[in-house]
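For reference, the structure is listed below as structure tokens.
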Amino acid sequence: MSTKNPDRVVIVGGGTAGWMTASYLKKAFGDKISVTLVESGKIGTIGVGEATFSDIRHFFEFLDLKEEEWMPACNATYKLAVRFQDWRRKGHHFYHPFEQMPTVNGFPLTDWWLQDGPTDRFDTDCFVMANLCDAGRSPRFLDGSLIDQGFAEGAKELSGLTMSEHQGKTQFPYAYHFEAALLAKYLTKYSTDRGVHHIIDEVQDVRLDERGWIDHIVTKDHGSLEGDLFVDCTGFRGVLLNKALEVPFISYQDTLPNDSAVALQVPLDMEKRGINPYTQATAQDAGWIWTIPLFGRIGTGYVYAKDYLSPEEAERTLREFVGPEAAEVEANHIRMRIGRSEQSWKNNCVAIGLASGFVEPLESTGIFFIHHAIEQMVKHFPAADWSPELRKSYNSSIANVMDGVREFLVLHYQGAGRDDTQYWKDTKTRAVPDGLAERLERWKVQLPDSENVFPYYHGLPPYSYMCILLGTGAIPARATPSLGMSDTAAAHKEFAAIRDKSRHLIETLPSTYEYFASMRERS
Ligand SMILES: Cc1cc2nc3c(=O)[nH]c(=O)nc-3n(C[C@H](O)[C@H](O)[C@H](O)COP(=O)(O)OP(=O)(O)OC[C@H]3O[C@@H](n4cnc5c(N)ncnc54)[C@H](O)[C@@H]3O)c2cc1C
Ligand SMILES: N[C@H](Cc1c[nH]c2cc(Cl)ccc12)C(=O)O
């Protein structure tokens with residue numbers, strides 16, 4: 001066994017996963033390690049992946065990057081929520097916002113809403129952000145100040161925590177949309193300026209030693225590359241982990257059947273059309289269409305199951321949905337590998353990004369998985385003895401995050417009120433992951449809380465489950481019986497406070513477009 005600390009990291013792949021990993025590792029360890037990133041000049045990146053979780057701001061903070069610096073360079077905008085359009089029935093919408101659920105006398109406000117809500121909209125009654133979304137507002141004023149400075153101060157106090165340590169302590173009010181290719185370019189410069197060695201070449205072979213550990217990789221034009229730790233960021237190909245080390249892939253397709261997507265990047269005049277401060281997921285006959293507003297274009301795509309729809313029909317539907325602006329735009333057809341690797345870290349190879357695993361992008365979890373994996377890789381970085389316990393702990397943390405998100409996504413389909421096509425009818429009879437059936441029964445009588453959702457960290461707080469349960473509509477939910485015997489006055493005071501705060505903010509905040517136009521003037 002080597003007595004040397006592993007300090008030579010080789011990353012294969014230059015998509016979002018590769019460059020996020022390179023920049024974070026360099027910032028975390030500086031000159032204590034060498035980082036080499038090899039990416040193929042011929043094999044492209046996936047070319048999608050534009051919406052995030054709010055936690056991503058910890059990544060930018062860690063790199064000391066300010067919004068004014070990186071956002072204009074990546075045509076980035078704010079995301080206050082996911083708007084689910086037509087999931088309950090055509091014409092209906094609801095939001096899953098970035099906002100902590102208020103509690104009144106020990107019960108979440110949604111519970112009081114079920115008992116005696118002011119309107120039939122749980123989202124706009126219980127969350128300020130849902131009202132800002134309907135009104136297209138920015139979460140910051142033109143001078144850059146945030147709607148509630150408490151968030152910014154809270155974030156400072158808690159800086160230095162990993163995402164999993166953060167959960168439940170604060171809820172930052174927005175995430176980002178950005179152009180994935182521009183972010184990769186931005187991080188390429190960030191990383192190479194700080195000493196990351198960048199090689200454009202194709203990995204043609206992966207040579208293992210007698211123990212089955214990676215000894216070196218063989219590139220087409222640069223010969224052999226040696227390293228201590230190899231990071232597989234080769235996307236769905238899984239060149240190192242799945243192919244060379246033969247780690248099996250566990251498919252989630254029995255519970256999440258969408259396996260295909262077609263995407264378009266559509267330039268639009270945002271000054272004329274405005275910028276919605278949310279990602280939209282619009283239910284379709286055999287899946288759903290995402291709409292992600294960036295500064296200067298939208299990213300859009302139809303996620304579907306090929307058992308129910310052909311790629312040609314999917315593209316036709318998407319083009320009709322977008323309208324004439326998409327006429328000249330080339331479509332990107334993608335086959336998705338849904339599930340996770342049995343282990344994401346084997347021997348001296350760790351896979352991050354699509355090479356590790358992926359679920360359909362309904363809640364924008366791909367970049368969150370990457371960010372979480374990088375934080376955990378740093379936390380579990382090996383010493384000279386390469387303790388297997390560290391890899392074991394890393395692997396269970398990654399598996400839990402992905403299995404938990406799978407459950408959360410399955411709830412969207414089990415809960416959807418739509419039953420007007422075979423695709424939507426089948427969502428109700430499909431198998432659910434172990435444990436979820438029992439939890440679904442529980443949520444019919446008790447709203448999701450920290451005691452009754454998927455028990456391991458997976459990025460989603462219990463209020464997220466409440467939003468999907470109450471918004472999608474097919475699973476009956478009811479108020480806690482004791483609320484029927486309680487005075488609802490305090491809850492109504494809270495509903496009124498949300499209404500008043502929303503009205504005031506809508507009157508005083510700029511539109512999202514105005515905010516970003518002015519940010520560009522400032523930076
Ligand atoms: C339809 C769809 C929509 C998505 N939407 C979102 C979203 O809104 N939000 C979100 O968070 N995530 C989203 N994702 C996930 C997101 O796109 C990915 O998590 C992210 O882009 C990371 O991809 P990657 O870097 O792992 O792989 P890729 O982008 O595929 O990059 C792979 C890299 O490996 C290189 N490579 C491959 N083989 C070799 C080789 N032999 N030698 C050298 N280099 C090689 C390629 O050149 C490339 O640089 C979406 C994914 C899909 C499929
Ligand atoms: N880790 C949380 C997860 C989270 C909380 N609220 C939302 C809303 C949406 Cl649309 C996605 C994720 C979350 C975070 O990143 O804020």
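Residue numbers count from 1 along this sequence. Only a predicted model underlies this, so the values are computations on that prediction, with no experimental measurement involved.
- Side-chain atoms of S518 and E521 include no donor-acceptor pair closer than 3.5 Å.
- Remark: D221 CG is packed, more than 12 non-hydrogen atoms of other residues, nucleotides or ligands lying under 6.0 Å away.
- Judged by distance alone, the side chain of E99 and the main-chain N or O of V128 form a donor-acceptor pair under 3.5 Å.
- Salt bridge absent: D434 and R439 never bring a charged side-chain N and a carboxylate O closer than 4.0 Å.
- Using modelled atom types, no side-chain atom of E179 and backbone atom of A76 make a donor-acceptor pair closer than 3.5 Å.
- Counted within 6.0 Å of NZ on K185, heavy atoms from surrounding residues, nucleotides or ligands total 12 or fewer; the atom is thus considered open.
- For the side chain to side chain donor-acceptor pair (under 3.5 Å) with H96, the lone residue among E363, H412, R83 that qualifies is E363.
- Looking at D403 and R340, a side-chain N of the basic residue comes within less than 4.0 Å of a carboxylate O on the acidic one, giving a salt bridge.
- Under the 3.5 Å distance criterion, with hydrogens and angles disregarded, no donor-acceptor pair is assigned to the side chains of E50 and W290.
- F516 is listed as a side-chain neighbour of Y78, based on a closest heavy-atom distance under 4.5 Å.
- A salt bridge links D205 with R207; the closest basic N to acidic carboxylate O contact falls under 4.0 Å.
- Applying the salt bridge (charged side-chain N to carboxylate O under 4.0 Å, His left out) rule to pairs touching residues 224-240 yields K4-D228, R8-E226, R8-D228, sequence neighbours excluded.
- Between the side chain of T365 and the main chain of F368, no donor-acceptor pair closer than 3.5 Å is present.
- Using a 3.5 Å distance cut-off with no hydrogens or angles, the side chains of K79 and S364 do pair a donor with an acceptor.
- Defined by atom type and a distance below 3.5 Å, a donor-acceptor pair is present between the side-chain atoms of Y176 and E67.
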Evaluate side-chain hydrogen bond (donor to acceptor under 3.5 Å, both in side chains) for H198 paired with T192, printing each intermediate quantity in order.
CA-CA 7 Å; H198 183 196; T192 50; over 6 Å; no
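- Judged as a salt bridge (charged side-chain N to carboxylate O under 4.0 Å, His left out), and not counting sequence neighbours, the contacts of D193 are K189.
- Remark: the backbone N or O of K220 is not paired with any side-chain donor or acceptor of H222 at under 3.5 angstrom.
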